[in-house]
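Structure first, commentary second.
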Amino acid sequence: MDYLKFLSKTALNRAPSGISEMRTYLRDASPSLVYLASGVPNAEKFPFKKATFTLDDGKVIEVAPDVLATCLQYGPTPGYAPLLEQLKEMTLRVHNPPRWSTSNVIVTLGCQDGLAKAMEMILNPGDSMLVEEPCYSDTLCILSALSPNFLRVDTDEYGMCPDSLKAVLQETQRNTPDKMPKLMYLVPNASNPSGKTMNEERKRRIYSLASEYDFIILEDDPYYYLQYGDPKNIAPSFLSLDTDGRVLRFDSFSKIVSAGLRVGYVTGPSPLLDRIVWHMQASVLCPPGITQVMISELLKEWGEEGFKRHVTGLRQFYQSQRDAMLQASDTHLKGLCEWTVPDGGIFVWFKVPGVQDTETMIKKRAVKKDVMLVPGNNFMLDTKKPCQYMRAAYSNVSQEKIMGAIKNLAELIREEIALQNSLNSA
Ligand code: PMP
């Protein structure tokens, strides 16, 4: 594939770091070489001498002194080498990408960092991209600064609709051929905010349209391991369907290990990942060493079976949280709200047909009712339009509190409807 045509002016202007490049000469160096080329601080002066982590089963992991010394220093921009090897092994096992020999994996500061850099790499202001609505709000924050031309694709209970996608592509080609999309962004599994998951047939149809109309797919998949169905029935990822080399896949440890470690990773064609690495050389320099080591040591300790056991436990936990929120909604919100059952993840996406704009309701009066949600307009392409949707997260609240909060939400909605009615009749 010709990747250059997908790059934004900013990405085309990027150059690799001259200082980082000097390290490549070390491949041919004799042991006597004295390296005066880098500006790293003296590691002997770092005040940390030992690090141990205690896991939830009581097991203590002690970071070996040489590993600690390495990870406290500036590290390679694409990530800590042993972790990269583990991520590659995992990606190969789980997704078996058809273009593996020309692909790579890099670590980013959560997948958000990878998304922001990938979008900047591709989009010039006014370039077209395909996007589902509702769309993850923090992606819209990235995009609002890049000012793309949005081509909106309809969604239903299985996520983005291929028929709608085809219609959008055909119409654009007919009416504004210079506005054909370079890029598609989607969250295929347990989407944020809708909780919807796309099946295999859909993914195959969408991928074949991507091949036909030649655009890159950004597959943002931080909830991959939080899909509630039988793991045997999980649909293949876009990465595993990628025979052309047009998918960048974004994974994250935020939802399955810890969000504060800020470790995510991007998998995809090497020429695109190289540009993201150049961007990192100019921004974060390298991902934090100590948190990469924590993940690496944890994965080593767990092995494949331990990892599976861990994510199975997480799925069961979040599913029971979801059920608590659905039960509370059945009890208190029937007739006030509509919602679909999330297939995974951590959110319920409510529609409030009797309320014109949830933002006004939530911002003006939710705090007084001891409950807070995200107004749905944050997930819409036009955030200024009144929106009847809202998002509730069930991940980090006790089931008892979920019941109380949903009861308060019902009162809030009833009051809002009464207020609207009194204003309308005044
Ligand atoms: N994508 C989606 C769909 C998300 O929900 C989130 C987290 N809210 C992210 C990306 C960012 O995750 P990370 O913590 O890995 O940056």
Side-chain angles (χ1 to χ4, degrees), residues 79 83 87 90-91 105-120 129-146 155 159-160 183-198 217-228 237-239 247-268 276 279-280 283-284 287-288 291-292 294-295 298-299 311 314-315 318 321-322 342-349 372-376 378-381 389-397:
L83 177 61
L87 299 179
M90 215 163 132
T91 302
V105 177
I106 59 168
V107 173
T108 49
L109 278 68
C111 65
Q112 188 75 24
D113 178 42
L115 285 169
K117 290 185 163 76
M119 287 176 172
E120 192 199 288
M129 69 173 290
L130 296 152
V131 67
E132 53 191 346
E133 192 178 42
C135 175
Y136 167 48
S137 54
D138 287 347
T139 288
L140 292 178
C141 289
I142 300 170
L143 291 170
S144 69
L146 298 174
T155 58
M160 186 182 276
L183 180 67
M184 168 188 275
Y185 167 78
L186 41 65
V187 183
N189 296 312
S191 188
N192 179 358
S194 71
K196 291 170 186 169
T197 292
M198 193 179 273
I217 297 177
L218 302 190
E219 174 178 46
D220 180 15
D221 206 359
Y223 303 102
Y224 180 81
Y225 291 105
L226 298 187
Q227 299 181 64
Y228 300 148
S237 62
F238 279 101
L239 182 70
V247 173
L248 281 174
R249 177 179 166 83
F250 300 82
D251 279 279
S252 174
F253 285 100
S254 290
K255 307 298 190 299
I256 54 172
V257 173
S258 149
L261 297 185
R262 305 309 300 135
V263 178
Y265 55 105
V266 190
T267 312
I276 296 180
H279 190 166
M280 292 175 74
S283 59
V284 295
T291 61
Q292 293 185 84
M294 285 172 77
I295 301 270
L298 183 68
L299 293 177
V311 292
L314 284 184
R315 268 200 297 275
Y318 286 120
Q321 292 287 105
R322 174 201 69 177
D343 305 315
I346 57 177
F347 305 112
V348 179
W349 181 234
M372 190 48 68
L373 297 90
V374 184
N378 290 283
F379 304 90
M380 300 298 175
L381 300 183
Y389 287 87
M390 56 191 185
R391 190 195 77 180
Y394 49 78
S395 43
N396 204 19
V397 188

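Nothing fancy with the numbering, it's 1 onward along the sequence. Numbering of ligands and ligand atoms starts at 1, following listing order.
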Q) Does one side chain, of Tyr136 or Gln112, offer a donor that lies under 3.5 Å from an acceptor on the other? A) yes
Q) Taking atom types as modelled and ignoring hydrogens, do the side chains of Tyr185 and Thr139 form a donor-acceptor contact shorter than 3.5 angstrom? A) yes
Top protein contact for [atom], by heavy-atom distance:
| atom | value |
| --- | --- |
| atom 7 (C) of ligand 1 | Lys255 NZ, 2.8 Å |
| atom 4 (C) of ligand 1 | Tyr136 CZ, 3.5 Å |
| atom 12 (O) of ligand 1 | Cys111 SG, 3.7 Å |
| atom 3 (C) of ligand 1 | Asp220 OD2, 3.4 Å |
| atom 11 (C) of ligand 1 | Gln112 OE1, 3.5 Å |

Checking [X] side chain against [Y] main chain: does a donor-acceptor pair fall under 3.5 Å?
| X | Y | answer |
| --- | --- | --- |
| Ser191 | Pro193 | no |
| Arg391 | Gly376 | no |
| Gln292 | Pro288 | yes |
| Glu132 | Leu186 | no |

**Q.** Aromatic ring proximity Tyr228/Tyr318, centre distance under 6.0 Å
**A.** no
Q: Report the part of Tyr223 (side chain from C-beta onward, or backbone N, CA, C, O) that has a heavy atom under 4.0 Å from ligand 1; answer both or neither where that applies.
A: side chain
**Q.** Residue part near ligand 1, for Ser254, under 4.0 Å between non-hydrogen atoms
**A.** side chain
Q. Under 4.0 angstrom from ligand 1, any heavy atom of Pro222?
A. yes
Can you sort out which atoms of ligand 1 are near [X], meaning under 4.0 Å from one of its heavy atoms?
| X | result |
| --- | --- |
| Arg262 | 13 (P), 14 (O), 16 (O) |
| Ser252 | 13 (P), 15 (O) |
| Gly110 | 13 (P), 15 (O), 16 (O) |
| Asn192 | 3 (C), 4 (C), 5 (O) |

Q) Which heavy-atom pair separates Asn378 from Leu140 by the least distance, and what is that distance? A) O-CD1, 3.6 Å
Q) Of all heavy-atom pairs between Val348 and Pro342, which one has the smallest distance, and what is that distance? A) CG2-CG, 3.9 Å
(Q) Does ligand 1 come near enough to Tyr185 that some N or O of the ligand is less than 3.5 Å from an N or O of the residue? (A) no
Q. Taking N or O atoms only and a 3.5 Å limit, does Phe347 qualify as a polar contact for ligand 1?
A. no
